[in-house]
Amino acid sequence: WSAFEECALEDIILPAALNTLPERSFIKCNSLKRFVMQEGLQTINGQVFSENGSPRGMMLSELVIPATVTSIARSAFIGHTGLKTVVFAEGSRLESIATEVFQDCINLESISLPAALRNLPARSFSVSTPTGSVVEVQSRLFQGCVSLKRVDMSACKEITVLPTKM
């Protein structure tokens with residue numbers, strides 16, 4: 001069960017001492033307009049806002065991921081249709097994103113991936129604009145990218161091969 005399930009809060013600022021964002025911690029909090037994660041947060045677990053991949057009617061349009069986050073679990077933000085922008089804080093230590101993290105975020109227009117990121121699994125994103133030191137790009141990375149406007153991989157110096165199906 002979620003401590004904040006179906007809350008009517010519009011603004012949430014997480015405590016600086018929080019190091020793990022629990023799975024399903026803010027499901028059905030459709031009124032959220034601002035969600036602040038503090039430096040010190042290290043792990044973001046799955047389905048933060050969604051239950052079975054459908055955070056219907058979420059108003060939150062931007063997420064800023066703190067530099068201290070090192071891992072984001074499978075389906076963390078899956079189906080968040082209100083999400084338009086994802087920003088990773090400068091100096092981000094994020095090395096890997098699990099599968100389906102941003103899948104079905106059909107309105108996601110902008111995301112700049114951190115330089116520390118080394119692996120993007122298939123179906124990590126529905127829509128994205130990745131940059132950073134990505135080493136491995138797997139097939140179907142941009143499957144269903146209906147709002148994708150720009151992909152800039154110019155900073156990805158270590159990528160030498162792209163899959164036949166992106």
Nearest 0.5 Å, please: how far is [atom2] in [Y] from [atom1] in [X]?
X: R24; Y: E5; atom1: CZ; atom2: CD; value: 6.5 Å
X: K28; Y: C7; atom1: NZ; atom2: SG; value: 12.5 Å
X: K33; Y: L9; atom1: NZ; atom2: CG; value: 12.5 Å
X: E95; Y: T70; atom1: CD; atom2: OG1; value: 7.5 Å
X: L60; Y: I12; atom1: CG; atom2: CD1; value: 9.5 Å

query = Linking I/L/V/M/F/W/Y whenever any side-chain heavy atoms sit under 4.5 Å apart, do V36 and F26 land together?
reply =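 No, no single cluster joins them.
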query = Hey, any chance V87 and M37 share a hydrophobic cluster, counting ILVMFWY side chains that come within less than 4.5 Å of each other, even indirectly?
reply =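 Not linked; separate clusters.
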request  = Assess whether side-chain contact (heavy atoms from CB on, under 4.5 Å) is satisfied between I44 and F77, documenting all intermediate values.
outcome  = CA-CA 10 Å; I44 298 174; F77 305 110; 3.9 Å; yes
inquiry  = Would T43 and N19 count as a side-chain contact (heavy atoms from CB on, under 4.5 Å) here? Give the steps.
reply    = CA-CA 6 Å; T43 304; N19 62 13; over 6 Å; no
Do the non-hydrogen side-chain atoms of [X] and [Y] ever get within less than 4.5 Å of each other?
X: Q38; Y: I13; result: yes
X: L63; Y: F49; result: yes
X: T20; Y: N45; result: yes

ask   = Residues two or more places apart in sequence or in another chain: which of them pass side chain to side chain donor-acceptor pair (under 3.5 Å) with S92?
value =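 For S92, no residue satisfies side chain to side chain donor-acceptor pair (under 3.5 Å) once neighbours in sequence are set aside.
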request  = Return yes if some donor-acceptor pair links the side-chain N/O of S61 with the main-chain N/O of K84 below 3.5 Å, else return no.
outcome  =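 Judged by distance alone, no pair lies under 3.5 Å.
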message = Can you list everything that forms a side chain to side chain contact (heavy atoms under 4.5 Å, CB included) with A67? Sequence neighbours excluded, please.
response =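 Counting only residues at least two positions away or on another chain, A67 forms a side chain to side chain contact (heavy atoms under 4.5 Å, CB included) with E39, A89.
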task = Would you name the heavy atoms of F4 and C29 that are closest together and state the gap between them?
result =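 Between these two residues, the closest heavy atoms are O-SG, 2.8 Å.
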task = Grab the two heavy atoms, one from A98 and one from A73, that are nearest each other, plus how far apart they are.
result =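 Closest heavy-atom pair between A98 and A73: CB-C, 3.5 Å.
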Trace of the side-chain contact (heavy atoms from CB on, under 4.5 Å) decision for L21 with L14 = CA-CA 9 Å; L21 190 55; L14 298 176; 3.8 Å; yes
Criterion side-chain contact (heavy atoms from CB on, under 4.5 Å) on T68 and R93, from CA distance to verdict = CA-CA 6 Å; T68 52; R93 295 190 287 253; 3.0 Å; yes
